[in-house]
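Since the model is a prediction, treat every value here as computed from it, not as a measurement. Computation of the quantities below employed the complete heavy-atom set of this structure, encompassing side-chain atoms and omitting hydrogens, waters and symmetry-equivalent molecules.
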Amino acid sequence: MTIDNLPKKPILILLLTLGTFLSSSLLAQVNEIAMIRERVVQQLKSGKVESNEIGSILNKVKADGSFKNIKYDDLSRTAGFPQRRHLLRLVTLAKAYHSEGSTYYHNRQLHEKITLATKFWMDNDFIGDNWHNNQITTPENLVNLMLLMGDVLPKELVEKSQPMIGRANMNASGARPSGDRIVIAGILAKNLLFNDDKAGFDEVIKIIANEIKFNNGSRGMQQDYSFHHREDRVNNTTSYGYGKYANAFGEWSDYVSGTSYAFEVDKINQLVDYYLDGVYKQLVYGIYEDISVKNRSIATGATFIPKGTLEIERLLRSTDYRKKELEEIIRLRKGEASPSLSFAKFFWQTEHFVVQRPNYYTTVRMFSSRNKNMEKPYNGPGITTHHRADGTNYLMLKGNEYHDIWPVYDWQKISGTTIMQKPNLLGGDVIQKAGKMDFVGAVEDGQKGAVGFDFISPHDGTKAKKSWFFFDQSYVCLGTDIQGSRKLPIATTVDQVIMRSPVSTLNSGKTVKILPEGNHKIDQLKYLYHGNIGYIFPNEGSVHVSNKTETGRWSDITDQKNASTKVVSKEVLKVWFEHGVKPKNGSYAYMVFPSISENELKTIYEAGTPYEILSNTKDLQAVKNKDENVVQAVFYQSGNLSLEKKLDLQMENAGIIMLKLKRGKVESFSISDPTRKLTELKFTLEGLYSLKDPDIKVIKNRKTKTSQFIVQMPKGVFSGKSLNFKL
């Protein structure tokens, strides 16, 4: 039977059925768009509306629709785009208009004021000198306003808003791969929802869905779960990589969950990994902002509060992956649990080392020939941050130890750094520099680790070999080969921090002294105690201490025009070594004992610390923890090291190694190549060892009773990462 001879009724039924199916399918997709839009609107309306705040804003609306106390005529980059406050206030008013519990719910006067103020913006269309104002700030606030009020605003105002919102598009200059691309895509997606543009929304949601990915060596998420916003490879994990990149993806993942637009679970799970192994490990206990990761924004005052839980709650609605860990962060941020995690992690793509224990959090920030040192002071803030990656070592027990210290800060005495003390820092336009040395890195096994920094300042030529050795409950800091070629002194700062308690010192006999306020040079200093942290100085040399009130202004550390010129006063503790003018071979050594009492520090000092400094030379820095039976060593070139009696180590290459000892033998080791140049790293140990691993070859020499290890080092994006082996 031919097609023409088939019964007509079944075909008609089939066509009707197919048409019904297509119509229902299309209707379902349209309903999904409406549902997603409603989710976005509900998020915009969430949170409490304060009637007093709304009343205050309404009282600021002038007859022409502008607001009092906003400087509309300054659109320069350093002004900070104060005009944005106009749209922010409009969004707040729009939220009040739609809040049923508000006294302003569907209030006619409020509607009139919103319309008037919206018209003022449409008539002026403020364009800032900073692209971000025009492609993100204004479009984001305007699209939020349209989603809330577009249905009840005059049609001509809605139409005028569209070109302004449309500056957020995927061809905009800011939509390059970075933390901004996904934000711009999100603004565009909101506007497509507002305009019921399903075809456009289908395309842009695909862009957002594909943003969570490794973009090694370029802008974006790196293989170690750090984040680079720009090609300078500066650490932007907890700024652009958190507040924009990660949170924007999580936001849209939540909006489209349970629909045909839902993101792949693998992508959401990768975001979970990024949060837990990247972002949260660069926040103090996963709760508070870590100032060591901050760049130019350090020049802006902040509020010391826990991070929120919204991004985690969104994740938990989409996946059960690593659920317990995410729920633990929520409890920590809500104050329902105390920190319990212990870890050490080196972000080798970003040259940032982090150690956390339940009772302290500390970091080391560095840079090399591979990375730039610091973010440029774009738009004004951060003009004094020249040296903040020069081996900065901040230590936090509560997280607020350095909170808003910056107006009174001595920017040439940064905790952990070795800096030439210049009469003045040069301008902000010369802050960002590439490093000069390859040997910058760390070794870690997830719990302990050592950091090595072959440092030459690109600003003034200061040279130093700097290392940090982190063990279970304390750590050791060594410096050597400190040199300077200019007629200026060089100083290494132990810490510069807000004073939290009296400062106790022991420098002769057994009498502990409370330092009076002022500047002090203490000879033969044995230990110093402040704020539940103890410092022991094994060489008992001269140490300088300042414990007094310092003053300054926020306007001193930024070129932003809105910075406060009010004098700020804070009590500050500074502890530092002076190496003199043009030193040839300066050095230092100190041991840090966080979260202990003064009596515990005294007991440790009198009984003898667990540490033995095995070497502090330009070729080798090494420390042994006798209690833990662990040796950590930074070899700047090949060399030998006696681990203990009848147990020698011979390194045939430069590298960093950590060895766990047991009964006169090596039980396990971790190793890394800070230069990122070696395909294999060789060393020899006394004793005969066997190990089956594809990344290592062991050659036994029964005659000399030694074993040579030939380790295949990580390549490509993994070069610089630690390898761990058990023997």
Side-chain angles (χ1 to χ4, degrees), residues 223-224 226 281 342-356 362-366 368 370 391 393 437-455 465-472 474-478 611 613-616 619-625 628-639 641 643 649-661 666-685 691 693 695-696 709-715 718-727:
Q223 195 72 47
D224 59 2
S226 62
K281 286 191 174 179
S342 291
F343 61 81
K345 177 162 183 175
F346 180 52
F347 294 90
W348 67 88
Q349 286 286 342
T350 304
E351 290 161 345
H352 185 229
F353 191 86
V354 178
V355 174
Q356 180 179 301
T362 186
T363 64
V364 178
R365 181 168 181 167
M366 306 173 290
S368 71
R370 299 172 289 272
N393 175 214
M437 304 300 285
D438 297 326
F439 192 105
V440 180
V443 70
E444 47 96 347
D445 64 359
Q447 289 297 317
K448 304 180 181 73
V451 180
F453 190 17
D454 189 0
F455 173 62
K465 299 287 199 323
K466 298 172 67 68
S467 58
W468 295 259
F469 303 89
F470 295 93
F471 299 92
D472 277 345
S474 51
Y475 59 99
V476 179
C477 309
L478 298 181
Y611 298 119
I613 297 174
L614 302 177
S615 179
N616 188 20
D619 299 328
L620 170 63
Q621 293 175 305
V623 171
K624 181 176 183 178
N625 184 314
E628 298 174 19
N629 225 13
V630 173
V631 174
Q632 298 176 357
V634 179
F635 285 86
Y636 296 99
Q637 62 178 36
S638 59
L641 177 64
L643 305 177
L649 164 68
Q650 180 183 346
M651 285 282 284
E652 299 179 36
N653 312 95
I656 306 180
I657 191 167
M658 176 169 61
L659 308 103
K660 172 69 174 175
L661 311 182
V666 174
E667 183 180 48
S668 61
F669 69 90
S670 304
I671 197 164
S672 71
D673 169 27
T675 70
R676 323 285 173 93
K677 294 179 176 179
L678 299 175
T679 57
E680 58 183 30
L681 199 157
K682 301 178 182 179
F683 66 92
T684 300
L685 283 173
L691 182 60
D693 190 290
D695 291 325
I696 194 167
F709 296 78
I710 304 173
V711 184
Q712 301 301 310
M713 302 309 294
K715 299 177 179 64
F718 294 100
S719 63
K721 183 182 180 182
S722 298
L723 295 178
N724 302 291
F725 301 94
K726 286 189 176 182
L727 299 175

Counterpart residues, ring-ring contact (aromatic ring centres under 6.0 Å, His included), relative to Phe439 (two or more places apart): Tyr636
For Glu628 and Phe471, indicate whether the former's side chain and the latter's backbone hold a donor-acceptor pair under 3.5 Å. no
To the nearest 0.5 Å, what is the distance between CG on Leu614 and CG on Leu643? 8.0 Å
Which side-chain N or O atoms in residues 719-727 pair as donor and acceptor under 3.5 Å with protein atoms at least two apart or in another chain?
| from | atom 1 | to | atom 2 | distance (Å) |
| --- | --- | --- | --- | --- |
| Ser719 | OG | Gly716 | O | 2.9 |
| Ser722 | OG | Glu444 | N | 2.9 |
| Asn724 | OD1 | Ser670 | OG | 2.4 |

When every non-hydrogen atom of Gly655 is compared with those of Pro674, the smallest separation belongs to CA-CD, 3.9 Å
Where do Val443 and Met658 come nearest, in terms of heavy atoms and distance? CG1-CB, 4.1 Å
Take Phe469 and Val634 through the test side-chain contact (heavy atoms from CB on, under 4.5 Å) and record every step on the way to the result. CA-CA 9 Å; Phe469 303 89; Val634 179; 4.1 Å; yes
To the nearest 0.5 Å, what is the distance between NZ (Lys448) and OG (Ser342)? 10.0 Å
Ala344 and Val355 have their tightest heavy-atom pair at CB-CG2, 4.1 Å
Say whether, by atom type as modelled, one donor and one acceptor occur between the side chain of Asn625 and the main chain of Val630 under 3.5 angstrom. no
Using the test ring-ring contact (aromatic ring centres under 6.0 Å, His included), find all partners of Phe353 that sit at least two apart in sequence or belong to another chain. Phe470
Work out which heavy atom in Ser467 is nearest to a heavy atom in Gln621; give both atom names and the distance. OG-OE1, 3.0 Å
Nearest 0.5 angstrom please: Thr363 OG1 to His352 NE2, how far? 4.0 Å
I'd like to know whether Val623 forms a side-chain contact (heavy atoms from CB on, under 4.5 Å) with Tyr475, so could you lay out the CA-CA distance, the side-chain angles of the two residues, the decisive distance to 0.1 Å, and finally the verdict. CA-CA 10 Å; Val623 171; Tyr475 59 99; over 6 Å; no
Between Ala633 and Leu620, the two heavy atoms sitting closest are CB-CD1, 4.1 Å
State whether the side chain of Lys465 and the backbone N or O of Leu478 hold a donor-acceptor pair below 3.5 Å, judged by distance alone. no
Side chain to side chain donor-acceptor pair (under 3.5 Å) partners for Glu667, two or more places apart: none
Is the shortest heavy-atom distance from the side chain of Arg676 to the side chain of Trp348 under 4.5 Å? yes
Evaluate the side-chain proximity of Phe343 to Val354: yes if any heavy-atom separation is below 4.5 Å, no if none is. yes
Supply the atom-to-atom distance Gln356 CD to Gln447 CD, rounded to the nearest 0.5 angstrom. 10.5 Å
Under the 3.5 angstrom rule, does the side chain of Arg370 hit a backbone N or O of Val440 as a donor-acceptor pair? yes
Ile613 side, atom CD1; Lys624 side, atom NZ - distance, nearest 0.5 Å: 14.5 Å
Got Asp619 and Gln637 here, is their nearest side-chain heavy-atom distance under 4.5 Å? yes
Which pair of non-hydrogen atoms, one from Gly391 and one from Trp468, has the smallest distance, and what is that distance? O-CZ2, 3.3 Å
Would you say that Met366 contacts Val451 through its side chain, given a criterion of any heavy-atom pair below 4.5 Å between the two side chains? yes
Side-chain contact, heavy-atom cut-off 4.5 Å: Tyr611 with Ser474? yes
Can you check side-chain contact (heavy atoms from CB on, under 4.5 Å) on Leu661 and Val666, steps first, answer last? CA-CA 4 Å; Leu661 311 182; Val666 174; 3.8 Å; yes
Using the benzene-type ring in the case of Trp, are the ring centres of Phe669 and Phe709 under 6.0 Å apart? yes
Mind checking what makes side chain to side chain donor-acceptor pair (under 3.5 Å) contact with Ser226, not counting sequence neighbours? Asp224, Thr350
Is the closest side-chain heavy-atom distance between Thr362 and Asn393 below 4.5 Å? yes
Donor-acceptor list for residues 678-685 side chains, cut-off 3.5 Å, not counting sequence neighbours:
| from | atom 1 | to | atom 2 | distance (Å) |
| --- | --- | --- | --- | --- |
| Glu680 | OE1 | Gln712 | NE2 | 3.2 |
| Thr684 | OG1 | Glu652 | OE2 | 3.3 |

